[in-house]
Amino acid sequence: MIGDGPEKSKVEQLAAPLVAQKRLHFTGLQTDVKPYFNITDIYLMTSDFEGLPIALLEAMSMGCIPVTTGVGGIPEVIEHHVSGMISKAGDVESLEKDVTLLIENEPMRIAMAAEARKRIEQHFSMEKMVQKLEGIYLQYTNNGLHDKSGK
């Protein structure tokens with residue numbers, strides 16, 4: 001598990017059996033998470049509030065399946081049950097159910113990981129973002145919104 005927060009010690013206590021079995025490792029807060037995404041299948045984001053989290057986009061671009069809460073801009077990124085799973089904020093049972101389903105269903109996990117990456121490439125890649133921004137610039141420059149000198 002990567003990250004930190006006010007519930008960390010509680011989570012560590014609950015996860016102690018998995019840590020003892022070497023099935024789970026706590027890394028703490030990390031600034032470079034890409035190496036971890038390379039070895040991760042499921043990206044869990046349980047926020048009560050988010051904007052458009054860059055870490056989510058990075059995880060999906062690396063083929064991690066997001067299991068998240070549907071807050072902020074997250075529902076605009078994830079297609080529920082296609083490129084990830086979305087639950088209501090605070091719905092721990094639903095998050096647990098989604099993670100368990102993905103762990104137990106390898107074909108679903110493989111398909112959803114591919115869809116997560118594809119979603120980022122098609123809608124949120126740097127190339128797509130530049131194209132969208134360029135379109136906005138062209139829209140305004142082609143609609144007569146020039147300064148008085150005609151520029």
Side-chain angles (χ1 to χ4, degrees), residues 1-19 21-140 142:
M1 293 187 73
I2 302 166
D4 202 356
E7 300 292 322
K8 183 179 178 185
S9 61
K10 186 187 224 181
V11 172
E12 286 176 329
Q13 288 175 357
L14 290 170
L18 295 173
V19 172
Q21 297 170 15
K22 298 187 187 238
R23 295 182 63 201
L24 182 64
H25 177 72
F26 285 86
T27 67
L29 187 62
Q30 299 292 314
T31 55
D32 182 14
V33 293
K34 285 186 181 181
Y36 295 98
F37 291 152
N38 277 330
I39 59 170
T40 301
D41 292 325
I42 300 169
Y43 176 75
L44 185 62
M45 179 173 269
T46 61
S47 303
D48 290 328
F49 175 81
E50 284 289 342
L52 179 60
I54 299 300
L56 172 66
L57 301 176
E58 289 175 336
M60 290 175 69
S61 75
M62 301 288 288
C64 298
I65 306 158
V67 176
T68 68
T69 50
V71 297
I74 293 173
E76 295 174 39
V77 177
I78 299 170
E79 294 173 276
H80 186 53
H81 283 269
V82 176
S83 60
M85 308 287 230
I86 302 174
S87 296
K88 287 183 181 178
D91 190 348
V92 176
E93 291 173 3
S94 179
L95 291 162
E96 179 184 6
K97 183 179 130 197
D98 290 343
V99 169
T100 301
L101 176 64
L102 289 169
I103 289 171
E104 294 175 350
N105 189 330
E106 185 178 12
M108 175 187 257
R109 205 170 54 244
I110 291 168
M112 208 173 276
E115 287 296 324
R117 180 166 171 79
K118 183 173 142 186
R119 177 93 173 135
I120 297 304
E121 288 173 348
Q122 290 180 344
H123 300 283
F124 297 94
S125 69
M126 182 62 74
E127 183 179 332
K128 286 291 178 185
M129 301 303 264
V130 168
Q131 286 175 355
K132 288 179 185 178
L133 186 57
E134 192 175 70
I136 292 169
Y137 287 143
L138 290 174
Q139 174 187 347
Y140 284 100
N142 290 335

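Between the side chain of Arg117 and the backbone N or O of Met60, no donor-acceptor pair lies under 3.5 Å. Side chain of Thr69 to main chain of Ser47: a donor-acceptor pair is present (N/O by atom type, distance under 3.5 Å, no hydrogens or angles). Judged by distance alone, the side chain of Arg23 and the main-chain N or O of Leu18 form no donor-acceptor pair under 3.5 Å.
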Criterion side-chain contact (heavy atoms from CB on, under 4.5 Å) on Leu102 and Met108, from CA distance to verdict: CA-CA 7 Å; Leu102 289 169; Met108 175 187 257; 4.0 Å; yes
How far apart are the C-alpha atoms of Val77 and Ile120, what are their side-chain angles, what is the distance that settles it, and do they pass the side-chain contact (heavy atoms from CB on, under 4.5 Å) test? CA-CA 8 Å; Val77 177; Ile120 297 304; 4.1 Å; yes
side-chain contact (heavy atoms from CB on, under 4.5 Å) for Met85 and Met112? Distances and angles first, verdict last. CA-CA 9 Å; Met85 308 287 230; Met112 208 173 276; 4.1 Å; yes
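Annotation: Gln122, atom CD; neighbour count of heavy atoms from other residues, nucleotides and ligands within 6.0 Å is above 12. Within 6.0 Å of CD on Gln21 lie more than 12 heavy atoms contributed by other residues, nucleotides or ligands. More than 12 non-hydrogen atoms from other residues, nucleotides or ligands lie less than 6.0 angstrom from CD of Gln131.
Across Pro66 and Cys64, no two heavy atoms sit closer than the pair CD-O, 3.3 Å.
By the 4.5 Å heavy-atom criterion applied to side chains, Asp32 and Gln30 are not counted as neighbours. When side chains are defined from C-beta on, His123 does not count as touching Glu76, because their heavy atoms never get closer than 4.5 Å. Counting heavy atoms from C-beta outward, Ile78 and Leu56 have side chains that approach closer than 4.5 Å. Side-chain contact check for Ile65 versus Arg109: some heavy-atom pair is nearer than 4.5 Å. Leu95 places a side-chain heavy atom less than 4.5 Å from the side chain of Val67.
For the pair Lys118 and Glu121, the salt-bridge criterion is not met [side-chain N within less than 4.0 Å of a carboxylate O].
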